[in-house]
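To keep things clear, I will list the structure first and then write my remarks on it.
This structure is a prediction, so every number in the text was calculated from the model and none was measured.
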Amino acid sequence: MSSLTELLAAVRATEAKLDEARRQLSTGRRSLSETRAALARLDPDNPETVVPADLRRADDGLERTLDSITHVVEALRAFAMRL
């Protein structure tokens, strides 16, 4: 096996792991959204009293992480295409 073939295999394996991470983060983000909605239903007139502000920050963090993963995967694919 050539070094180039090994490098491409490593890039593909990394892409697969990043795709799995993206799926897991997306699932977590959906669960977080469902949790926030369920908490808001406890006091629909004043949801801010039952929904912790940290839930919003957590969602923002997940979104940034998902964006980063997308950019890294795109960069890996572009790199592999140039090889």
Side-chain angles (χ1 to χ4, degrees):
M1 187 182 290
S2 75
S3 295
L4 181 57
T5 304
E6 291 173 3
L7 178 59
L8 284 171
V11 168
R12 298 293 179 226
T14 302
E15 284 179 35
K17 289 179 181 179
L18 287 168
D19 285 338
E20 177 61 24
R22 185 178 11 212
R23 282 190 294 278
Q24 290 177 1
L25 286 168
S26 294
T27 298
R29 194 166 182 218
R30 277 191 302 277
S31 296
L32 190 64
S33 177
E34 291 169 5
T35 299
R36 187 174 43 243
L39 288 171
R41 285 192 300 272
L42 292 174
D43 189 355
D45 295 328
N46 300 298
E48 65 280 353
T49 63
V50 291
V51 179
D54 287 342
L55 285 182
R56 183 75 206 144
R57 285 190 288 277
D59 184 62
D60 291 344
L62 289 173
E63 182 178 17
R64 281 191 306 276
T65 302
L66 285 165
D67 288 344
S68 294
I69 288 174
T70 298
H71 293 301
V72 170
V73 168
E74 289 171 358
L76 283 173
R77 288 182 181 152
F79 174 73
M81 293 294 290
R82 288 191 305 269
L83 294 176

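The side chain to side chain donor-acceptor pair (under 3.5 Å) analysis of residues 74-83, with sequence neighbours excluded, yields the pairs Glu15-Arg77. The salt bridge (Lys or Arg N to Asp or Glu O under 4.0 Å) contacts involving residues 28-41 comprise Arg29-Asp59, Arg29-Glu63, where partners must be two or more places apart or lie in separate chains.
Ala80 meets the side chain to side chain contact (heavy atoms under 4.5 Å, CB included) test with Leu8, Val11, Arg12; sequence neighbours excluded. Considering only residues two or more places apart in sequence or on other chains, Arg23 meets the side chain to side chain donor-acceptor pair (under 3.5 Å) condition with Glu20. Here Asp45 pairs with nothing under the salt bridge (Lys or Arg N to Asp or Glu O under 4.0 Å) rule; sequence neighbours left out.
Within the model, atoms CG of Leu55 and CG of Asp60 stand 11.0 Å from one another, a figure rounded to the nearest 0.5 Å. With rounding to the nearest 0.5 angstrom, the OG atom of Ser33 is 11.0 Å from the CG atom of Leu62. Atom CG of Leu25 is separated from atom CG of Leu32 by 11.5 Å, given to the nearest 0.5 angstrom.
Follow the hydrophobic side-chain contacts under 4.5 Å out from Phe79 and you reach Leu4 in the same cluster. Grouping the Ile, Leu, Val, Met, Phe, Trp and Tyr side chains by contacts below 4.5 angstrom, directly or via other members, places Leu83 with Leu76.
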Would you tabulate the side-chain donor-acceptor contacts of residues 65-72 under 3.5 Å, counting partners in other chains and residues two or more places apart, or write 'none'?
from  : atom 1 : to    : atom 2 : distance (Å)
Thr65 : OG1    : Gly61 : O      : 2.9
Ser68 : OG     : Arg64 : O      : 3.1
Thr70 : OG1    : Arg22 : NH1    : 3.2
Thr70 : OG1    : Leu66 : O      : 3.0

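Closest of all the heavy-atom pairs between Leu39 and Pro52 is CD1-CD, 3.9 Å.
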